[in-house]
Amino acid sequence: MTDALDLKVVELAEFVAGPYCGKLLSDFGAEVIKVERPGIGDRARHLGPFAGDGPDPEASGTFLYLNTNKKSVALDIETEEGRALFRQLVADADVLIEDRAPGELAAMGLGYDDLAALNPGLVMVSITPFGQTGPYAGFRAEHLNLYHASGQGYLLPMWAINLDVPPCQGPGYLGLYDGGMAGATAALAALFWRGNGGTGQHVDISVQHAMMHLERSQLRRYVDDGKSPNRTGKGRLLESLVECKGGEYAVVILSSQRQWEGLWRAMGKPAWGMEPPFDTQKGRSDNYHELRKRLADWAITVTQDELFHAVQAEGSAAAPILTAEGVFRSEQFRGRGHFTEIGHPVAGTLEYVAQPTKLSDFDPGPKRPAPLLGADTEAVLGQAPAGRPELSHTGAI
């Protein structure tokens, strides 16, 4: 059985997108060395909620989740000594993940061309809001800006009553996770290319582009129909959100005649379901609002669990809209071992989401907690700072 992904990854990135890219690689066993600012660290360390509810840069839930299985080196690349040690780190690395503004590292002598001269096989993954090129390349942006710049925000909240309900961003930092996932996928593709006779290369990830790409199934409707889809769901015969008994919600799928027939049987075969206009896909699409009302009248009579199992039993598709509590008590997640406990020296033992993919010939081993700031500086660099033979967990160069 394979023990680990034999890769050395240097991560010069903060917050969500870059660290999530590094996390995905570390979860498969890559050695990920996180470079953090001395005394400050990744800005996610200062974002709550905190374990124990007291602000503590070693107990941020966001940081703890995004940085399991990594090492932390506190290194100031604003100094010449720090830049020299950074080059030393990258000289034998397979991947560098960075999220600085375009041109910022090059101005320090740490751009792709500079580092590729030291390490021709290096795959450098640059994750920025709008990418390395284009008129927006130098713009800064937060998650809110990117969500709307990608076109996704205009589609949310889905099933809004009317367009007077303003658009919104997705929950949490969902779009930034999209950027991190795109970075990890591209890094592995670049490594595959290198391993088959290619070279190292510079991978340019635009978070805006990554987010837009994942919504292409809706955005393409503009190309098909010449009209922008909107968040009211008008004429959108793909699925429908319904409220169940007890105030929980579910989604029923309506994208084909076969799925409609399965749903119709699950509803108890109401006569109207096989009569015009609801007996054809076009009829249901043309009368979507009335259809939604009838679905709602049925759904409110059954629980979320009853709806889900009834529809599934008929070979059609439905999905429960789980609350956070519902996710954590899900028998399916528990049955797959989807949660794991990890002990941390400051935050204590917490429950984490485990690796979602399972490979038959790969054992990632036990998860290690997110590192304390600078905990691995001496071990990774092989030397203590001059005049400071001992390093605490916040030690830095």
Side-chain angles (χ1 to χ4, degrees), residues 1-36 42 44 63-75 85-99 112 115-116 118-127 176-196 198-203 205 210 340 342 344 352-372 374-377 379-382:
M1 180 173 285
T2 303
D3 293 324
L5 190 64
D6 186 20
L7 294 173
K8 177 182 176 181
V9 179
V10 176
E11 179 189 298
L12 182 69
E14 295 188 330
F15 202 41
V16 175
Y20 187 58
C21 176
K23 174 184 171 60
L24 292 173
L25 299 178
S26 73
D27 279 349
F28 282 112
E31 178 190 27
V32 178
I33 300 169
K34 185 177 184 70
V35 176
E36 300 190 70
D42 184 331
F63 182 86
L64 292 173
Y65 168 71
L66 286 167
N67 293 283
T68 52
N69 295 329
K70 298 180 186 178
K71 299 175 181 178
S72 173
V73 168
L75 188 62
L85 288 168
F86 183 77
R87 293 186 187 97
Q88 175 185 313
L89 271 179
V90 175
D92 63 346
D94 295 286
V95 178
L96 168 63
I97 303 167
E98 65 91 13
D99 62 358
Y112 174 70
L115 298 177
L118 296 173
N119 181 356
L122 179 68
V123 172
M124 181 169 169
V125 181
S126 295
I127 304 177
L176 301 183
Y177 285 99
D178 292 345
M181 181 168 59
T185 303
L188 292 175
L191 290 168
F192 181 82
W193 161 262
R194 188 188 72 179
N196 285 273
T199 62
Q201 57 185 305
H202 190 188
V203 178
I205 301 293
T340 184
I342 305 176
H344 186 275
Y352 291 70
V353 175
Q355 169 63 273
T357 53
K358 297 181 182 295
L359 281 66
S360 63
D361 195 33
F362 170 72
D363 180 8
K367 278 186 177 286
R368 300 187 308 276
L372 301 176
D376 305 286
T377 304
V380 169
L381 297 177

Please find the pair of heavy atoms, one from [X] and one from [Y], that lie closest to each other, and give the distance.
X: Ala190; Y: Val123; result: CB-CG1, 3.7 Å
X: Phe15; Y: Asp42; result: N-OD1, 2.8 Å
X: Ala186; Y: Val203; result: CB-CG1, 3.5 Å
X: Ile127; Y: Gly179; result: CD1-O, 4.2 Å

Does the side chain of [X] reach to within under 4.5 Å of the side chain of [Y], using non-hydrogen atoms?
X: Val35; Y: Glu11; result: no
X: Val9; Y: Ile97; result: yes
X: Glu98; Y: Ser126; result: yes
X: Leu89; Y: Val380; result: yes
X: Val125; Y: Val95; result: yes
X: Leu188; Y: Leu25; result: yes
X: Leu96; Y: Leu115; result: yes
X: Thr199; Y: Arg194; result: no

[Y] backbone acceptor or donor facing [X] side chain under 3.5 Å:
X: Tyr112; Y: Gln201; answer: yes
X: Asp94; Y: Lys8; answer: yes
X: Asp27; Y: Gln355; answer: no
X: Asn196; Y: Phe192; answer: yes
X: Ser72; Y: Gly374; answer: yes
X: Glu36; Y: Ala74; answer: no
X: His344; Y: Ala370; answer: yes

Drop me the distance from [X]'s [atom1] to [Y]'s [atom2], to the nearest 0.5 angstrom.
X: Leu122; Y: Asp92; atom1: CG; atom2: CG; result: 10.5 Å
X: Leu7; Y: Leu191; atom1: CG; atom2: CG; result: 5.5 Å
X: Cys21; Y: Met181; atom1: SG; atom2: CE; result: 11.0 Å
X: Phe86; Y: Leu381; atom1: CZ; atom2: CG; result: 11.5 Å
X: Ile33; Y: Lys70; atom1: CD1; atom2: NZ; result: 12.0 Å
X: Tyr20; Y: Leu176; atom1: OH; atom2: CG; result: 12.0 Å

Would you please test Leu118 and Val90 for side chain to side chain contact (heavy atoms under 4.5 Å, CB included) and show each step?
CA-CA 8 Å; Leu118 296 173; Val90 175; over 6 Å; no

Set of residues satisfying salt bridge (charged side-chain N to carboxylate O under 4.0 Å, His left out) with respect to Asp376, sequence neighbours excluded
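Here no residue qualifies.
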
May I ask you to check whether Lys34 and Asn67 show a side-chain donor-acceptor distance below 3.5 Å?
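Judged by distance alone, the side chains do pair up.
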
Compute whether any side-chain donor of one residue and acceptor of the other, for Thr68 and Lys23, lie under 3.5 angstrom apart.
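There is such a pair between these side chains.
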
Check step by step if side chain to side chain contact (heavy atoms under 4.5 Å, CB included) holds for Asp99 and Leu12.
CA-CA 7 Å; Asp99 62 358; Leu12 182 69; 5.8 Å; no

What class does the angle between the rings of Phe362 and Phe28 fall in, given that below 30° is parallel, 30 to 60° is tilted and above 60° is perpendicular?
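Phe362 and Phe28: tilted rings.
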
